[in-house]
Amino acid sequence: MDKNIKTKPSYNHDVLKIIQERHGYSLDYIRKSIRGDRLGIIPDILKAEYYKLDKESKRALAVQSAKL
């Protein structure tokens, strides 16, 4: 009996909430779009926006931690 060792990806919840407020889609749909389970124009937009916002949030966190 093999155990499934697949790990669940963790997403930045603050970024997910921003995208949800901006576009009005459910968090489940946004996560599936980022993961690649949904195909089309809207999922591509959501995926690109997520990675852009996540990168910016990490950059802002690094700047604030460097100031301390």
Side-chain angles (χ1 to χ4, degrees):
M1 244 172 33
D2 272 336
K3 288 186 178 181
N4 189 0
I5 306 176
K6 188 175 184 180
T7 60
K8 291 183 179 180
S10 62
Y11 299 108
N12 188 335
H13 295 287
D14 296 328
V15 174
L16 289 177
K17 288 187 184 235
I18 291 170
I19 294 173
Q20 182 185 25
E21 291 171 2
R22 192 177 290 180
H23 295 282
Y25 295 109
S26 69
L27 292 175
D28 185 54
Y29 182 76
I30 296 169
R31 280 190 214 102
K32 287 178 181 178
S33 297
I34 296 167
R35 195 171 48 228
D37 292 345
R38 299 291 182 255
L39 301 174
I41 296 171
I42 298 298
D44 289 342
I45 293 170
L46 296 176
K47 186 176 184 178
E49 187 172 344
Y50 172 80
Y51 285 120
K52 181 179 178 184
L53 289 172
D54 188 45
K55 182 179 175 183
E56 290 297 323
S57 70
K58 287 179 182 177
R59 182 180 296 149
L61 185 62
V63 168
Q64 289 298 326
S65 66
K67 287 182 181 179
L68 294 176

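Counting begins at 1 with the first residue of the sequence.
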Residue pair Tyr29, Leu46: steps toward the side chain to side chain contact (heavy atoms under 4.5 Å, CB included) verdict: CA-CA 10 Å; Tyr29 182 76; Leu46 296 176; 3.8 Å; yes

Distance-minimising heavy-atom pair for Ser65 and Ala62: OG-O, 2.9 Å

Ile30 CD1 to Arg35 CZ distance, which is reported to the nearest 0.5 Å: 12.5 Å

Expected output: side-chain Tyr50 to main-chain Asn12 donor-acceptor under 3.5 Å: yes

Test side chain to side chain contact (heavy atoms under 4.5 Å, CB included) applied to Lys52 and Lys55, step by step: CA-CA 5 Å; Lys52 181 179 178 184; Lys55 182 179 175 183; 5.9 Å; no

Spatial distance of atom OG (Ser33) from atom NZ (Lys47) [nearest 0.5 Å]: 9.5 Å

Reported CD1-to-CD1 distance for the pair Ile45 and Ile19, which is rounded to 0.5 angstrom: 11.5 Å

Lys17: partners by salt bridge (Lys or Arg N to Asp or Glu O under 4.0 Å), with sequence neighbours left out: none

Step-by-step side chain to side chain contact (heavy atoms under 4.5 Å, CB included) determination, Lys58 to Asp54: CA-CA 6 Å; Lys58 287 179 182 177; Asp54 188 45; 3.5 Å; yes

Point-to-point distance, once rounded to the nearest 0.5 Å, from CZ of Arg31 to CD of Gln20: 9.0 Å

With sequence neighbours excluded, residues passing side chain to side chain donor-acceptor pair (under 3.5 Å) with Glu56: Arg59

Steps toward side chain to side chain contact (heavy atoms under 4.5 Å, CB included) verdict (Ile42, Tyr25): CA-CA 10 Å; Ile42 298 298; Tyr25 295 109; 3.5 Å; yes

